[in-house]
Amino acid sequence: MSYELIGTPRAHKVTKSMAEKWSGMEQVRNDRPLSARRVEAYKKMAAAGLMRPVHWAKAHCLETQENYRVNGKHTSTAFSQMEDLPETLQAYVEEYQCDTLRDVAELYATFDSRITIRTTSDINKSFAAVDPDLCDLQVKVINIGISAISLWKWGLAYEKVPAAERAECLFDQDCKAFFRWLSEMVNDSKANKRLRRAPVVWAMYATFRKSRKGATEFWTAVRDETGTSPNMPDRKISRWLMENAVDSTGRRAGANEMYARCVIAWNAWRTDGKTNLAYHPDAKLPVVK
C-alpha cells in the first residue's frame, strides 16, 4: 500500500463552481452509490446553518495518471445543487498521491462520513433536526432508535456501516412512526431504563413492525410490570431485563441474547403461552410471530 499526503490540508470557501468540479470528479471503483436522500438532508443542513466545515479529499494515481475523489461525494453534490450557498461554508481539502488504483481504493476506505460532523450523535441529531416530524424528539431517543434499526438491518456488524448511511432510516415513513412511538414508550422514568438499550429497542422495532397495537400493549406491560401474574412472559422478561445488562465482553448478556430473550417473551405472550426465556447461543435468532 502506498499513498502520500501532498502538502498541508487547506481550508477553502465553498463556491458553486468548486462544488460542481468536486462532485463531477472521477470516483473510485468501490465508492458507495449516491444517496439522494442524504444529499437532500445535507442541503437542508447547510441552508439551516447546521453543517460544520466538511472534509474533501482527492488522490492522483500514478498508475492511471488520473485524479480520483476519495471523500466528499455527498456534500459536494448537495452544495452543487443549491441555489444559494452560505457564505461561511468551508471545506478542508486534502490531496494525496497513490501508486496504484488499489492504493486509491485503500485510501478511500480510510475515510468515514462522520468526519463531516463531529460525532455519530451529531450526525443523527442534524438529520433529525431538518425533519419537522422528528426535530422535537430527544437525541437519545434518536440515537438508540437508529442503533436498533441498524441492528435489525445489519446485525452486530452495523458499526462498520457509515454513520450517515445508518441515519438515513430517519427518512423512511415507517421508521418515523416508530421513532414517535418509541419516544412515548421510552421516557425519563427510572422504570424505563430496562427498555433504553439498543438490543431491547431492536426487539421493540421488530415487534412494532409485526403489530403496533400488540407492541404497545406488550412493551407497556414490560415497562410498567402490569402483567396479571409473575409467570406471564411480559413480567418474566421485565424482571430479566432489570437483572441483566448488555456487556460487549460477553461476561453478561450480549446483544443477540438480549434481543432473543425479548422476542421469545413476545412470542409466548402472543400465543398466551409460558416460557422460561431459554436462550441457546448457537441457535438462530427467533422469528418474531
How far apart are the C-alpha atoms of D131 and K176, what are their side-chain angles, what is the distance that settles it, and do they pass the salt bridge (Lys or Arg N to Asp or Glu O under 4.0 Å) test?
CA-CA 10 Å; D131 191 314; K176 286 184 185 182; 2.7 Å; yes
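- Atom CD of E87 sits in a sparse spot, with 12 or fewer heavy atoms from other residues, nucleotides or ligands closer than 6.0 Å.
- Other residues, nucleotides and ligands contribute more than 12 heavy atoms inside 6.0 Å of the NZ atom of K153.
- Atom CG of D174 is surrounded by 12 or fewer heavy atoms from other residues, nucleotides or ligands within 6.0 Å.
- Linking Ile, Leu, Val, Met, Phe, Trp and Tyr residues whenever their side-chain heavy atoms come within less than 4.5 Å leaves W22 and I6 in two separate clusters.
- A distance-only check finds a donor-acceptor pair linking the side chain of S147 to the backbone of N143 [under 3.5 Å].
- Atoms CZ and CE, on R38 and M45 in that order, are 10.0 Å from each other to the nearest 0.5 Å.
- The two residues L85 and L89 make their nearest non-hydrogen contact at CD2-CD2, 4.1 Å.
- In this structure, CZ on R261 lies 12.0 Å from CG on N256, to the nearest 0.5 angstrom.
- Here the straight-line distance linking atom CG of L107 with atom SG of C61 works out to 11.0 Å at 0.5 Å rounding.
- Counting only distance, with no hydrogens or angles, the side chain of K58 and the backbone of V70 share no donor-acceptor pair below 3.5 Å.
- The ring pair (Phe, Tyr, Trp, His ring centres under 6.0 Å) search around W181 returns F178, F208, not counting sequence neighbours.
- Taking NE2 from H60 and CD from E95, the interatomic distance works out to 11.0 Å, rounded to the nearest 0.5 Å.
- Of the N and O atoms on the side chains of E168 and S35, at least one donor lies less than 3.5 Å from an acceptor on the other residue.
- Under the 3.5 Å distance criterion, the side-chain polar atoms of R69 are matched with a main-chain donor or acceptor of S23.
- Counting only N and O atoms by type, the side chains of Y96 and E94 include a donor and acceptor under 3.5 Å apart.
- Without hydrogens or angle criteria, T110 side chain to E106 main chain gives no donor-acceptor distance under 3.5 Å.
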Give the C-alpha distance, both sets of side-chain angles, the deciding distance and a yes or no for ring-ring contact (aromatic ring centres under 6.0 Å, His included) between W202 and W152.
CA-CA 6 Å; W202 174 15; W152 180 80; 9.7 Å; no
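- Between the side chain of N71 and the backbone N or O of H55, at least one donor-acceptor pair lies under 3.5 Å.
- Summarising the geometry, atom CE belonging to M185 is positioned 5.0 Å from atom CZ belonging to R223; distances are rounded to the nearest 0.5 Å.
- Side-chain atoms of D234 do not come within 3.5 Å of backbone N or O of W269 as any donor-acceptor pair.
- Side-chain atoms of V287 and V263, non-hydrogen and from C-beta on, never get closer than 4.5 Å to each other.
- When atom types are taken as modelled, the side chain of K125 and the backbone of Q138 share no donor-acceptor pair closer than 3.5 angstrom.
- Summarising the geometry of T64 relative to Y68, their closest heavy-atom pair is OG1-OH, 3.0 Å, with the distance given to 0.1 Å.
- T15 is linked by a side chain to side chain donor-acceptor pair (under 3.5 Å) to S17, counting only residues two or more places apart in sequence or in another chain.
- Considering I149, I146, N124 in turn, I146 is the only one that fulfils the side-chain contact (heavy atoms from CB on, under 4.5 Å) rule with R166.
- Residue K21 qualifies as open at atom NZ: its count of foreign heavy atoms under 6.0 Å is 12 or below.
- The aromatic rings of F171 and F127 lie parallel to each other, their planes meeting at an angle below 30°, with 60° marking the opposite boundary.
- With rounding to the nearest 0.5 angstrom, the CG atom of L277 is 5.0 Å from the CD1 atom of I237.
- No donor-acceptor pair closer than 3.5 Å links the side chain of E40 to the backbone N or O of R37.
- The closest donor-acceptor contact from the side chain of R197 to the backbone of R194 lies under 3.5 Å.
- A single hydrophobic cluster is seen to contain both L50 and V54, as judged by linkage of ILVMFWY side chains at heavy-atom distances under 4.5 Å, directly or through other members.
- Between the side chains of S76 and W56, no donor N or O sits under 3.5 Å from an acceptor N or O.
- Although no hydrogens or angles enter the test, the distance criterion places no donor-acceptor pair under 3.5 Å between the side chain of T220 and the main chain of E217.
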